[in-house]
Chemist: 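Have a look at the structure that comes next, please.
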Protein chains: 2
Amino acid sequence: MADTKNQKPDYEKMLRKAGVRITRPRRVIVEILSASDDHPDALEIFRRASEIDPSLSLSTVYRTMKLLEGLGAIHRHAFEGGPSRFEQAGGEHHDHLIDLDTGDVIEFKSDRIEHLQNEIAEALGYDIVHHRLELYGRKRKAR
Amino acid sequence: MADTKNQKPDYEKMLRKAGVRITRPRRVIVEILSASDDHPDALEIFRRASEIDPSLSLSTVYRTMKLLEGLGAIHRHAFEGGPSRFEQAGGEHHDHLIDLDTGDVIEFKSDRIEHLQNEIAEALGYDIVHHRLELYGRKRKAR
DNA sequence: ATCCATGCAAACTTTTTGCACTCGT
DNA sequence: ACGAGTGCAAAAAGTTTGCATGGAT
């Protein structure tokens, strides 16, 4: 289960290809993302990045997230009742189970569910652009 | 497909059972909900209700939505990039396909997907409290 | 030397809340 | 008449934006 993990996107290359400038703030943010296995929100990314460069601003984090999202380098998730949380793209597609007690996010995938989704959209006359499947639960206590 | 539609909740009864007061604002809001087949957001409910009682406030709409949600009389959906949208409870469980061009919401259900979700949670050692499955797509053009 | 990107503060959107008053019970 | 519920305005929370300055190319 650990080896389904990402081969991380080469952010610098993507930025260069996009024709935007490789600035210090962008380098720092991208470095934080590379070092992250979790699903931090903008404020958390800001905190982590601030340790490297305290002059960085939250606006820049937001702007950079939007930029990277547009490039397909990261995914944005809007889990319920909280701010957007981000994750590097590059791994294979997966969905999320959110631990209601801890906020932890567990990734999983199911080809069968994906397939059923396509069947459903097909039947309704739609092409799926993307989808969102989130399970909210708690660790099973009872034996 | 039209007959999978809701038998609407009896809001007044639910409010009474909850031991809260049946006020004019609540009556009006609940009347709007009863008359709705779509998935309006708070502001839209406020607009519709304002036609009946112009003195009603948006805060009260929010407060009432929270109350009704707590009673299980309505469901709150946070589709991506927009405000919460509401729907009467009482129909059978279903998921949503959101038309990216129009914002229309199409309801569907799949026992097989539900079942797979439970299997997955089970395998991960979790009990599902609830879940969210949304398909975002556009009407199929190509023949 | 350009002009894209940044920091800062202000604006914005959605939702919640404090407070004095109203009205259901 | 008591106190839950309301309207209003202000506050929160998350995110975006205008503007003057700074830095990558």
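Small disclaimer: the values here were computed from a predicted structure and weren't measured. Below, read A as the first sequence line, B as the second, and so on, with proteins coming before strands; counting in each chain starts at 1.
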Chemist: Rounded to whole Å, please give me the gap between CG in A/Asp41 and P in D/dG14.
Modeler: 8 Å
Chemist: Mind calculating the distance between CZ (A/Phe86) and P (D/dG14) to the nearest angstrom?
Modeler: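 Going from CZ in A/Phe86 over to P in D/dG14 covers 12 Å.
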Chemist: For nucleotides 4-9 of chain D, just jot down a letter per nucleotide in 5' to 3' order: B, S or -, based on protein non-hydrogen atoms under 4.0 Å.
Modeler: BSBBBB
Chemist: Might you confirm whether atom CZ of A/Arg112 has over 12 heavy atoms from other residues, nucleotides or ligands at distances under 6.0 Å?
Modeler: no
Chemist: Counting only non-hydrogen atoms, which of residues 71-83 of chain A are less than 4.0 Å from DNA chain D?
Modeler: A/Pro83
Chemist: For A/Glu31, check salt bridge (charged side-chain N to carboxylate O under 4.0 Å, His left out) against everything at least two apart and list the hits.
Modeler: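 So A/Glu31 forms no salt bridge (charged side-chain N to carboxylate O under 4.0 Å, His left out) with any residue.
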Chemist: With a cut-off of less than 4.0 Å, is there a side-chain N or O of A/Tyr62 near OP1 or OP2 of D/dT15?
Modeler: yes
Chemist: For B/Arg26, is there an ion pair with B/Glu12 - N to carboxylate O distance below 4.0 angstrom?
Modeler: no
Chemist: Can you find a heavy atom in the side chain of B/Glu87 that is under 4.5 Å from one in the side chain of B/His96?
Modeler: yes
Chemist: What range of DNA chain C does chain A touch, first nucleotide to last, counting atoms under 4.0 Å from its heavy atoms?
Modeler: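 Boundary nucleotides touching chain A, in 5' to 3' order, are C/dC3 to C/dA9.
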Chemist: Is the shortest side-chain N to carboxylate O distance from B/Asp101 to B/Lys141 below 4.0 Å?
Modeler: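 Here B/Asp101 does not pair with B/Lys141 in a salt bridge, since their nearest N and O are not under 4.0 Å apart.
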Chemist: Is a salt bridge present between B/Arg48 and B/Glu44, judged by a nitrogen-to-oxygen distance below 4.0 Å?
Modeler: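 A salt bridge links B/Arg48 with B/Glu44.
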Chemist: With sequence neighbours excluded, tell me which residues meet side-chain hydrogen bond (donor to acceptor under 3.5 Å, both in side chains) with A/Arg21.
Modeler: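 Once residues adjacent in sequence are excluded, A/Arg21 has no partner under the side-chain hydrogen bond (donor to acceptor under 3.5 Å, both in side chains) criterion.
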Chemist: Tell me whether the centres of the aromatic rings in B/His131 and B/His93 are closer together than 6.0 Å.
Modeler: yes
Chemist: Any Lys/Arg nitrogen of A/Lys66 or A/Glu69 sitting under 4.0 Å from an Asp/Glu carboxylate oxygen of the other?
Modeler: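 Looking at A/Lys66 and A/Glu69, the cut-off is not met.
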Chemist: Please name all residues satisfying salt bridge (charged side-chain N to carboxylate O under 4.0 Å, His left out) with B/Glu122, sequence neighbours left out, ordered by chain then number.
Modeler: A/Arg140
